[in-house]
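Since the structure comes first, as structure tokens, the remarks are kept for the end.
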Amino acid sequence: MKVSQFCFSIIVLVSIAEVDGKIYTKCGLTRELVQLGFSRSLVGNWVCLIESESGKDTSKQVNKANGGQALGLFQINSKDWCKYGKDGGKCRIKCENLLDEDIRDDAKCALIVQAELGFNAWDGWRRSCYGRTYPLNIPNTCL
């Protein structure tokens, strides 16, 4: 009994230690994207995409049917866009870097994905955001 409790405690501690993410508020996310140079005219699409894909959680990981993982705030697929343990993929980034609180590298990669495939690269955007209109004026409270 004590051994199983000990093992369970270790697993819980390791799981907690590995989570180094952040969950954004809508305004916080909007502000961050604008500061990172995202087009104001498209920031509504990006916020909707992120809400749909990751729930604004930088540490989210989802196993995909194609054998890859969707990683981080933008749920970027590891199969094509990054490599574990070293810089690689089309974004020339470590997959692990897509799971931390620093979203600068995630944002650069997401813009590469969007430039190559458009917003249609994300199932969540097609499902929840396609065809919606977003106000071009971002509330001052978010900036």
Side-chain angles (χ1 to χ4, degrees), residues 4-143:
S4 64
Q5 287 176 334
F6 176 75
C7 290
F8 177 76
S9 297
I10 295 296
I11 290 169
V12 169
L13 288 174
V14 168
S15 297
I16 291 170
E18 288 181 18
V19 175
D20 189 24
K22 175 180 181 175
I23 299 175
Y24 279 90
T25 65
K26 191 171 199 164
C27 277
L29 177 60
T30 301
R31 188 173 29 255
E32 185 80 16
L33 294 176
V34 169
Q35 288 174 353
L36 289 171
F38 281 72
S39 165
R40 285 176 175 246
S41 64
L42 294 177
V43 79
N45 278 283
W46 285 107
V47 170
C48 181
L49 178 154
I50 291 165
E51 287 177 329
S52 178
E53 290 284 340
S54 69
K56 303 181 297 270
D57 182 354
T58 64
S59 64
K60 185 170 182 178
Q61 293 178 274
V62 175
N63 291 326
K64 303 299 276 185
N66 70 1
Q69 287 188 311
L71 302 168
L73 191 66
F74 295 94
Q75 289 295 278
I76 294 169
N77 197 312
S78 65
K79 190 155 177 120
D80 297 316
W81 303 100
C82 63
K83 293 287 180 216
Y84 283 97
K86 62 180 181 177
D87 289 346
K90 292 180 183 180
C91 289
R92 302 184 190 281
I93 186 174
K94 289 181 186 176
C95 292
E96 297 88 342
N97 293 351
L98 296 171
L99 297 170
D100 60 19
E101 290 186 24
D102 181 359
I103 67 163
R104 290 175 295 185
D105 47 6
D106 311 44
K108 286 178 188 174
C109 186
L111 289 168
I112 292 168
V113 174
Q114 198 269 340
E116 185 171 318
L117 302 173
F119 285 114
N120 282 315
W122 288 275
D123 293 334
W125 183 85
R126 287 193 314 267
R127 183 179 54 252
S128 302
C129 311
Y130 176 75
R132 289 178 55 187
T133 56
Y134 302 94
L136 292 177
N137 294 331
I138 300 166
N140 288 336
T141 56
C142 289
L143 299 175

**Prompt:** Within the side chain of Gln75, is there an N or O that forms a donor-acceptor pair under 3.5 Å with the backbone of Asp123?
**Reply:** no
**Fill in**
For Asp102 and Asp106, the nearest pair of non-hydrogen atoms, with its separation, is O-OD1, 3.1 Å
**Asked** With a 4.5 Å limit on heavy-atom distance, are the side chains of Lys79 and Lys64 in contact?
**Response** no
**Request:** Look at the rings of Phe74 and Trp46 and say which category their plane angle falls in: under 30° parallel, 30 to 60° tilted, over 60° perpendicular.
**Result:** perpendicular
**Request:** Quick one: pull up CD1 in Ile112 and NZ in Lys90 and give me the separation to the nearest 0.5 Å.
**Result:** 10.5 Å
**Asked** In Å, rounded to the nearest 0.5 Å, how long is the span from CD of Gln114 to CG of Leu42?
**Response** 6.5 Å
**Prompt:** Below 4.5 Å, heavy atoms only, C-beta onward: do Cys82 and Ile76 meet side chain to side chain?
**Reply:** no
**Request:** Over all heavy atoms of both residues, which pair between Lys83 and Glu96 is shortest? Give the atoms and the distance, please.
**Result:** O-OE1, 4.0 Å
**Request:** Measure the distance from the SG of Cys109 to the SG of Cys91 and say whether it is below 2.5 Å.
**Result:** yes
**Asked** Tell me, do Trp81 and Leu71 make a side-chain contact under 4.5 Å, heavy atoms counted?
**Response** no
**Message:** Taking atom CZ as the centre, does Arg126 end up with more than 12 heavy-atom neighbours from other residues, nucleotides or ligands that are less than 6.0 angstrom away?
**Reply:** yes
**Contact summary for Lys60 and Leu99, nearest pair of heavy atoms** = O-CD2, 3.6 Å
**Asked** Can you tell me how far CG of Asp105 sits from CG of Asp87, rounded to the nearest 0.5 angstrom?
**Response** 9.5 Å
**Request:** Measure the CH2-CD1 distance between Trp122 and Ile50 for me, rounded to the nearest 0.5 Å.
**Result:** 9.0 Å
**Asked** Just wondering, more than 12 heavy atoms not from Tyr84 lying within 6.0 Å of its OH?
**Response** yes
**Prompt:** Taking C-beta and beyond as the side chain, do Tyr24 and Ile103 meet within less than 4.5 Å on heavy atoms?
**Reply:** yes
**Asked** Would you say Arg40 and Val34 make side-chain contact, with heavy atoms under 4.5 Å?
**Response** yes
**Request:** Could you pull out the closest heavy-atom pair between Lys94 and Gly85, with the gap in Å?
**Result:** CE-O, 3.9 Å
**Nearest-0.5 Å distance that lies between atom CG in Leu33 and atom CG in Leu29** = 4.5 Å
**Prompt:** Can you tell me how far CG of Leu49 sits from OG of Ser128, rounded to the nearest 0.5 angstrom?
**Reply:** 9.0 Å
**Asked** Is there side-chain contact between Asn77 and Asn66, with heavy atoms separated by less than 4.5 Å?
**Response** yes
**Asked** Less than 2.5 Å separating the SG atoms of Cys48 and Cys129?
**Response** yes
**Exercise: identify the closest heavy-atom pair between Gly55 and Ile23** = O-CG2, 4.0 Å
**Asked** Taking the side chain from Ser78 and the backbone from Gln69, do they hold a donor-acceptor pair closer than 3.5 Å?
**Response** yes
**Prompt:** Sub-3.5 Å donor-acceptor pair from the side chain of Glu53 to the main-chain atoms of Leu73, do we have one?
**Reply:** no
